[in-house]
Amino acid sequence: MVTRLSQLFVRTLRDDPADAEAESHRLLVRAGYIRRQAPGVFAWLPLGLKVRRKIEAIIREEMTNAGAQEVHFPALLPREPYEVTGRWTEYGDGIFRLKDRKGADYLLAPTHEEVFTLLVKDLYSSYKDLPLSIYQIQDKYRDEARPRAGLLRGREFSMKDAYSFDYTDAGLDISYQAQRDAYERIFARLGLDYVIVQADAGAMGGSRSEEFLHPTPIGEDTFVRSAGGYAANVEAFHTEPPTARSYEKLTPAEVLDTPDTPTIQTLVDVANEKHPRPDGRAWTAADTLKNIVLTLTHLDGSKELVVVGLPGDREVDLKRAEVAFAPAGVEPATAEELAANKGLVKGYIGPWSASGPVLGLEGSTKIRYVTDPRVSDGSGWITGANIHGKHVFGLVAGRDFVADGTVETADVLAGDPAPDGSGPVELARGMEIGHVFQLGRKYAEALGLKVLDENGKLVTVTMGSYGIGVTRILAVIAESNNDAKGLIWPKNVAPFDIHVIAATKEPEVYEAAEKLVAQLESERYDVLFDDRLKVSPGVKFGDAELIGVPVIVIVGKGVADGNVELWDRRTNERTPLPLDSLLTHLSTL
RNA sequence: CGGGGCGUAGCUCAGCUUGGUAGAGCGCUCGGUUUGGGACCGAGAGGCCGCAGGUUCGAAUCCUGUCGCCCCGACCA
């Protein structure tokens, strides 16, 4: 069936919607693809659904190629499985919860690890049944604190989630690689630029995790990459500690007057003025050891103060600190919390004093003290002497103080060396469009998914989970494929193959257009036909540009001489073409 | 949760300062004239002015409260 614009359920808007900021959001609403129903929740109109189905089709094909089988779970699920894995609690406000008439708890699933695991447990009990990869394309629900940018971060969104089940670690590696390869094919077919970055395995447990990020300034993730091929989410970035140095030849630490130096900059200035380095080089912020007090909130609600020591030219990156201290929450300590510990001299906090350690579980404050990897054995620092107006110079890690541990909380700066030695990194923003994850045995263990192996012994299954945000991908494609006039879909996800415009009102033009459209249809092209009789050409052109089908055929007065125009939406080129060569020409596009 | 902005017709907005019968453009309906870049004329339909209190003879407008939306941040497999 040819789709006629006169019949299509759509209304394009002349003005930009006032509540849409992101390009994709603005254009998808204006061109009549989606409509907002509630914050982060959208209705899909025919145009939007068609694009969505095309993306899904590509994903399905590649899932099949990767050996995964499609299943489908409900979005509405009971509490119990999520209770067993602890996620009913862990998700906190992040999920939609509801009760049935009997008062039983349900949730709208934010992701489906639990029930996939249980279904496999239900059906399978032998190693002979593995490996198994199954997936679904299904709507997920998360009660985001702040949904934004239309489809880019919604509270209801479509996701392809796949899960692999193996009984050996080597098997998991193979299953993981199959999904990872499929993702590369999917994003290549969608024409989506992506970077695979190492991700934080963090709270989900498991060993290996990579994110597919689409580089874009409106992305929500910051990642680093080196020219030599290293790429990681900043949260997963790992600082290679400098090799330990011998401190035999180093001079002893000395406490010096540094009045009015509550900040790193004032300290550096005073140090250079009053206590210049013996070797003539100027002190810099990187020579100072800054000690930041953080408050951790543990899962049981208890609070703990912790001090992190890091080079003075670095700030604490709270996201990295969250990862470092997970599952505890991290916040900067408040002024009250600082004041409550009289061992801490604001502005002059340090691990050491002449009378013994101050910071650290063994120190006088009994506050846990952890340091940046750069604070390696043998490194010397200027740091607070725990006396107002005094700092200690040449304080050497390993000799004068020992931290309770090493922790990555410092921000990553452009130019930092990649941990694999592939050179300095640069920072960029990206939008997460896919995530592959080796879960390991966490869920199988919690839910009791075991199979009998070759020796008749029960072994716990090891799992992977693999997600692609279908609706987010659609938005990301729209985000990077548009111009001032509207959307410009890549060919393989466009809602139609060809958009035919009857550009004048002459009956001959309409007859010719009708004939052409019928012919295109018989050639299996999916055609959108702008057959609106009383609509002026300008409006038709404008709508065609907004809707963004990449190939447009204009049927106008030229048909009298057997000519039409082929309009390339992307390049904006219009090529006059004899009608009888149009089909041949289209087949080359 | 913190900061900022905004709620009036399907969409974009004016009106509010200084209280007095609800407005414009686009879209929609009918008739007519138009038709290669968002045409024109005429006639219409469409609004609990977010919601609730209050002040007032009278409230879209002033006051109080409340709900919601958008943006930034925090948060976010």
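So you know, we letter chains A, B, ... as the sequences are listed, proteins then strands, and number each from 1.
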Exercise for review: Verify the contact: side-chain N or O of A:S536 to OP1 or OP2 of B:A39, cut-off strictly under 4.0 Å; return yes or no.
Suggested key: yes
Review point. NA contact type, A:L533, heavy-atom cut-off 4.0 Å: base, sugar-phosphate, or nothing?
Key: base
Check your understanding: Without hydrogens or angle criteria, can the side chains of A:R87 and A:Y443 be said to hold a donor-acceptor pair below 3.5 Å?
Key -> yes
Check your understanding: For A:I501 and B:U35, what is the distance between atoms CD1 and P respectively, to the nearest whole Å?
Key -> 18 Å
Check your understanding: Just checking A:E545: base, sugar-phosphate only, or nothing, at a heavy-atom cut-off of under 4.0 Å?
Key -> base
Check your understanding: CG of A:L528 to CG of A:L8: how many Å apart, nearest 0.5 Å?
Key -> 6.5 Å
**Study point:** Euclidean distance for P, B:C49 against B:A22 (whole angstrom)
**Key:** 10 Å
Exercise for review: Whole angstrom is fine here: how far is it from CG in A:D543 over to P in B:G36?
Suggested key: 17 Å
Review point. Are A:D105 and A:W88 close enough that a side-chain donor and a side-chain acceptor fall under 3.5 Å?
Key: no
Practice item. Would you kindly say whether A:Y466 and A:S164 are connected by a side-chain donor-acceptor distance under 3.5 Å? Key: yes
Check your understanding: Is any side-chain N or O of A:R14 closer than 4.0 Å to OP1 or OP2 of B:G27?
Key -> yes
Exercise for review: Starting at CZ of A:F96, measure out to CD of A:E156 and round the result to the nearest 0.5 Å.
Suggested key: 9.0 Å
Point to revise | Assigned partner base of B:G25, Watson-Crick or wobble definition, under 3.5 Å | key: B:C11
Review point. Within the structure, does a side-chain N or O atom of A:K540 lie under 4.0 Å from either OP1 or OP2 of B:G38?
Key: no
Exercise for review: Verify the distance criterion only: is there a donor paired with an acceptor across the side chains of A:Q438 and A:D173 at less than 3.5 Å?
Suggested key: yes
Review point. On RNA chain B, nearest-nucleotide positions of A:H435 versus A:V555: which is more 5'?
Key: A:V555
**Study point:** Candidates B:C11, B:U35, B:G36 - which lies nearest the side chain of A:D15
**Key:** B:C11
Kindly give the atom pairs (protein nitrogen or oxygen, nucleotide nitrogen or oxygen) under 3.5 Å for nucleotides 42-45 of chain B.
none

Practice item. Select base, sugar-phosphate, or nothing to describe what A:A149 touches, counting heavy atoms under 4.0 Å on all strands. Key: sugar-phosphate
Exercise for review: State which of B:G38, B:G36, B:G27 makes the closest approach to the side chain of A:R11.
Suggested key: B:G27
Practice item. Pick the P atom in B:G50 and in B:A9, then give their distance to the nearest Å. Key: 8 Å
**Study point:** Nearest-angstrom distance, C1' atom, B:U8 to B:G23
**Key:** 10 Å
**Study point:** A:R26 CZ to B:C71 P, straight-line distance once rounded to whole Å
**Key:** 14 Å
Review point. Side chain of A:F541: nearest nucleotide among B:G36, B:C11, B:G38?
Key: B:G36
Check your understanding: If you measure only the distance, is there a donor-acceptor pair under 3.5 Å linking the side chains of A:Y510 and A:K515?
Key -> no
Practice item. Go through the N and O atoms of the side chain of A:R153 and the base of B:C76, and report whether any donor-acceptor pair is under 3.5 Å. Key: yes
Check your understanding: Nearest-Å distance, CZ (A:R532) to P (B:A39)?
Key -> 12 Å
Check your understanding: If we call it a pair only when both distances are under 3.5 Å in a Watson-Crick or G-U wobble match, what pairs with B:G2?
Key -> B:C72
Check your understanding: If you pin A:D16 and A:T504 to their nearest nucleotides in RNA chain B, which one's is more 5'?
Key -> A:D16
Study note, to complete from the structure: The reported gap from CD in A:E479 to CD in A:E23 (rounded to nearest 0.5 angstrom) is 6.0 Å
Study note, to complete from the structure: Scanning both residues in full, the closest heavy-atom pair of A:R14 with A:R30 reads O-NH1, 2.9 Å
Review point. In residues 559-572 of chain A, which residues come under 4.0 Å of RNA chain B by heavy atom?
Key: A:E565, A:W567
Review point. Is A:R569 positioned over the aromatic face of A:W489, cation under 6.0 angstrom from the ring centre and no more than 45 degrees off axis?
Key: no
Exercise for review: Would you tell me whether A:Q138 and A:H72 have side-chain atoms, one donor and one acceptor, within less than 3.5 Å of each other?
Suggested key: no
Practice item. Would you classify A:R36 as touching base, sugar-phosphate or nothing, given that sugar-phosphate means primed atoms plus P, OP1 and OP2, and contacts are heavy atoms under 4.0 Å? Key: sugar-phosphate
Exercise for review: State the pairing partner of B:A52; accept Watson-Crick or G-U wobble contacts with both distances under 3.5 Å, and report none otherwise.
Suggested key: B:U64
